[in-house]
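We use all heavy atoms of the structure for the numbers below, so side chains are in, but hydrogens, waters and symmetry mates are not. Labels below follow one simple rule: chain letters A, B, ... track the order of the sequence lines, proteins then strands, and each chain is numbered from 1.
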There are 2 protein chains.
Amino acid sequence: MRHANPPARSVAKNSHGFYRVKNLTKSRSEFAELLGRTAQAFGLTPSVGQIYGLLYLSAEPLSLDEIAESLDLSKASASIGTRQLESLHAVQVSSKNDDRRDYWEARLEPQEVLQKMMSTVLAPRLANAHDRLEGLLERMEAEKNSGELSSPEFTVCQQRIQQLITKTNQFKTWLPLIERFVK
Amino acid sequence: MRHANPPARSVAKNSHGFYRVKNLTKSRSEFAELLGRTAQAFGLTPSVGQIYGLLYLSAEPLSLDEIAESLDLSKASASIGTRQLESLHAVQVSSKNDDRRDYWEARLEPQEVLQKMMSTVLAPRLANAHDRLEGLLERMEAEKNSGELSSPEFTVCQQRIQQLITKTNQFKTWLPLIERFVK
DNA sequence: AGTTTGGTTTAGAAAATTCTGAACGCAGTT
DNA sequence: AACTGCGTTCAGAATTTTCTAAACCAAACT
């Protein structure tokens with residue numbers, strides 16, 4: 001764990017030598033950390049998950065500075081994290097009158113976040129994998145012809161890669177169904 | 001990239017100063033690397049994916065040394081990797097007469113590997129998350145009573161965590177269905 | 001025009017992860 | 001009983017990932 005789990009309303013010294021108050025209760029920061037680890041399981045960074053966790057349990061939209069301070073993150077991380085969450089449709093930004101700051105709040109439907117991730121992350125990867133497999137198949141044929149790859153070995157490779165391509169195609173057709181399921 | 005992508009049938013100097021031949025064609029080691037990155041997306045290490053990729057395109061079962069040499073991995077990594085793949089039912093081990101070595105081969109049904117991962121990795125995590133959320137809810141109530149958390153804020157937190165618990169429960173019931181889908 | 005305030009970018013620091021060499025244990029062999 | 005060959009373990013090295021500080025840009029205000 002990079003940041004020690006701070007006690008509720010703890011006071012900590014930041015890198016400028018000033019003391020500051022983080023007004024998160026223990027259980028709220030625990031929740032943020034839980035989401036941090038969950039995010040990692042989805043290939044996101046912990047801080048992104050923590051930010052979503054913080055906003056998810058916040059009654060009011062929060063500014064970038066509030067996010068950074070509450071989670072003991074740099075403003076840079078908070079900025080990058082919120083933008084990434086925005087691109088995943090997991091949070092939205094708004095503004096108040098006479099206040100130039102951005103205020104962030106969580107979208108409360110995690111299913112839609114998941115769905116968005118499926119279509120924006122998983123689907124393109126699948127397509128990419130498919131293309132690479134096709135390309136591989138061609139180059140393998142060339143290797144067979146040049147004698148680098150023996151004919152029986154080529155047969156095995158070809159067959160198995162072909163099977164894999166078929167499977168990814170199947171999965172591609174199932175994806176929208178699964179998305180609907182999750183929703 | 002940790003290991004430079006070796007040209008087919010290249011000769012490389014290993015750490016003992018000996019020269020050795022890696023008899024993987026370029027496209028086969030590319031396939032292994034592709035699976036290495038795919039494995040990472042599933043929370044496994046690259047080497048585990050590479051090993052599976054190597055075995056998946058191998059006509060014959062391979063020994064630990066052959067795996068290590070082909071992928072330019074240490075024997076230690078090969079050992080750990082194969083055992084992990086075995087626990088995921090992704091590979092199986094066999095032995096030959098008059099040969100004490102283990103020989104490894106891929107199971108050719110990636111769907112079953114996925115299914116296994118769902119039940120052995122995803123399901124327990126879900127259960128764990130569920131328990132932690134329940135615990136959190138209790139501790140939050142305590143925080144409300146001690147005045148650390150204001151009553152309106154508690155209401156928001158309670159409501160949203162409860163929603164999340166409901167969602168994870170739903171997902172738990174869908175999981176077997178999705179598993180069947182993938183299969 | 002200069003200053004302040006808020007968000008973004010980026011080089012490199014810090015931390016976490018992954019891999020390796022060397023040592024070990026165990027079987028079968030000499 | 002020493003030796004050899006194989007798989008495993010584990011401390012710490014190498015690498016990758018994640019985060020931060022500092023510089024920067026842009027808009028609003030003086």
Measuring from the side chain of Arg83(B) (C-beta onward, heavy atoms only), which nucleotide among dA21(D), dT20(C), dG7(D) has the closest atom? dG7(D)
Find which nucleotide of DNA chain D each of Asp98(A) and Ala78(A) is nearest to by heavy atoms, and output the residue with the more 5' nucleotide. Ala78(A)
Nearest-angstrom distance from the residue atom CZ of Arg37(A) to C1' of dT18(D): 16 Å
Would you say a side-chain N or O of Arg101(A) is under 4.0 Å from OP1 or OP2 of dG7(C)? no
Please give, in whole Å, the distance from dG7(C) P to Leu64(A) CG? 5 Å
OP1 or OP2 of dT8(D) versus the side-chain N and O atoms of Ser79(B): is any pair under 4.0 Å? yes
Atom CG of Leu44(A) and atom P of dA16(C) are separated, to the nearest Å, by 18 Å
Rounded to whole Å, how long is the line connecting atom CD1 of Ile80(A) with atom P of dG6(C)? 19 Å
What integer distance in Å separates Phe42(B):CZ from dT18(C):C1'? 20 Å
No-H, no-angle donor-acceptor pair, Arg100(B) side chain to dG28(C) base, under 3.5 Å: no
Can you tell me how far P of dT15(D) sits from CD of Gln50(B), to the nearest Å? 14 Å
Base, sugar-phosphate, or nothing: which does Ser47(A) touch, judged by heavy atoms less than 4.0 Å apart? sugar-phosphate
Test item: side-chain donor near acceptor, Thr25(A) and Glu148(B), under 3.5 Å: no
Worked verdict on Tyr56(B) versus Leu164(A) for side-chain contact (heavy atoms from CB on, under 4.5 Å): CA-CA 10 Å; Tyr56(B) 191 83; Leu164(A) 218 48; 3.7 Å; yes
Expressed in angstrom and rounded to an integer, what is the separation of Lys75(B) atom NZ from dG5(D) atom P? 11 Å
Closest-nucleotide ordering on DNA chain D, the 5'-leading residue of Gln40(B) and Ser63(B): Ser63(B)
More than 12 non-hydrogen atoms from neighbouring residues, nucleotides or ligands closer than 6.0 Å to CZ on Phe42(A), yes or no? no
Would you say dC19(C) has OP1 or OP2 under 4.0 Å from some side-chain N or O of Thr45(B)? yes
Just checking Ser77(B): base, sugar-phosphate only, or nothing, at a heavy-atom cut-off of under 4.0 Å? base
When rounded to whole Å, the NZ to C1' distance for the pair Lys96(A) and dG6(C) reads 15 Å
Check whether more than 12 heavy atoms from other residues, nucleotides or ligands sit under 6.0 Å from atom CD of Glu60(A), and answer yes or no. no
Looking only at non-hydrogen atoms, find the nearest pair between Arg28(A) and Ser58(A) and report the distance. NH1-CA, 4.3 Å
